[in-house]
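Both ligands and their constituent atoms are indexed starting at 1 by order of listing.
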Amino acid sequence: MTLIRIAVDGYASTGKSTLAKRLASSLGFLYIDTGAMYRMVALYAIRQGWAAPDAINATAINASLDKVNLAFARDAGGKNRAILNGEDVEEAIRTMEVSRVVSSVSSLVPVRRRLVAQQQAMGQSQSLVMDGRDIGTVVFPDAELKLFVTADADVRATRRFAEMESANPGAVSLAEVKANLLQRDQEDRERLDSPLLQAQDALVLDNSSVSPDELFEQAMRLVPSR
Ligand code: DC
């Protein structure tokens, strides 16, 4: 059986996950949100008192990775749920508290080694669509299709703000959301280990002014052997 791995990389809140989920469901492939995996490690670290915006206890986090079990489940409606040590944390990992520390936690080399190995193992036996920052460069450098999604920063901030408002009205401002996105982009781009980088053979999709349907159609036309 031929496995197809589709890598969907790009900056924060470009609409990668929406696109990747839709591709996976229409192709019948597994969908993996690698950002959720880094967010679960960040949430674990926050709860242990090892991660705050200006203070990351790298030694403690790196030493505890054996105790962090990451999994995914689906709810009755088929929606993805992130499961940390048996607990459904799908909502808890999407808060600003987690967004503030996740780039620092995800820059730790032992964290990346561990999560990248888990992600590579998932692609050994099944076709999948995986979204993240380093999927086409590090996790699956030989992926059958690599997409790199971009979008204007204001469009991204507005989209993310709307999501956060509907989950928790009044918790954050649009300006705070935009500042966090730009800060994470910079940290993700500048980290030494597997930085956010467009793979040379990635195809760029600009999601600034197209509808989700149009973006999906553009991506589907690029899927090999369709
Ligand atoms: O996709 P997201 O915004 O939920 O990801 C959260 C953070 O996780 C992101 O700011 C950087 C990190 N991340 C990463 O370093 N590598 C990945 N493959 C996916 C996410």
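- The protein heavy atom nearest to atom 16 (N) of ligand 1 is Arg112 NH2, 3.1 Å.
- Atom 19 (C) of ligand 1 has its closest protein heavy atom at Thr34 OG1, 3.3 Å.
- Arg133 NH2, 3.6 Å is the protein heavy atom nearest to atom 2 (P) of ligand 1.
- Remark: of the listed residues Ile6, Leu27, Leu3, Leu3 is the sole one forming a side-chain contact (heavy atoms from CB on, under 4.5 Å) with Ser127.
- The protein heavy-atom contact nearest to atom 18 (N) of ligand 1 is Asp134 OD1, 2.8 Å.
- Looking at Glu90 and Arg81, no side-chain N of the basic residue comes within less than 4.0 Å of a carboxylate O on the acidic one, giving no salt bridge.
- A distance-only check finds no donor-acceptor pair linking the side chain of Asn80 to the backbone of Phe72 [under 3.5 Å].
- Looking only at protein heavy atoms, the nearest one to atom 12 (C) of ligand 1 is Ser106 OG, 3.5 Å.
- In this structure, Gln119 falls outside the shell of residues with a heavy atom less than 4.0 angstrom from ligand 1.
- Residues Arg160 and Glu163 are paired through a salt bridge, judged by an N-O separation under 4.0 Å between the basic side chain and the carboxylate.
- Among protein heavy atoms, the minimum distance from atom 13 (N) of ligand 1 is reached at Tyr38 CD1, 3.6 Å.
- Nearest to atom 6 (C) of ligand 1 by heavy atom, out of Met130, Arg184, Lys16, is Arg184.
- Taking a cutoff of 4.0 Å between a charged side-chain nitrogen and a carboxylate oxygen, Asp154 and Arg159 do not qualify as a salt bridge.
- Using a cut-off of 4.0 Å between Lys/Arg side-chain N and Asp/Glu carboxylate O, Glu87 and Arg47 are scored as salt-bridged.
- Each of the following atoms of ligand 1 lies closer than 4.0 Å to a heavy atom of Asp188: 9 (C), 10 (O), 11 (C).
- Between Asp33 and Arg94, at least one side-chain N (NZ, or NE/NH1/NH2) sits under 4.0 Å from a carboxylate O, which counts as a salt bridge.
- Nearest protein heavy-atom neighbour of atom 4 (O) of ligand 1: Arg39 NE, 2.7 Å.
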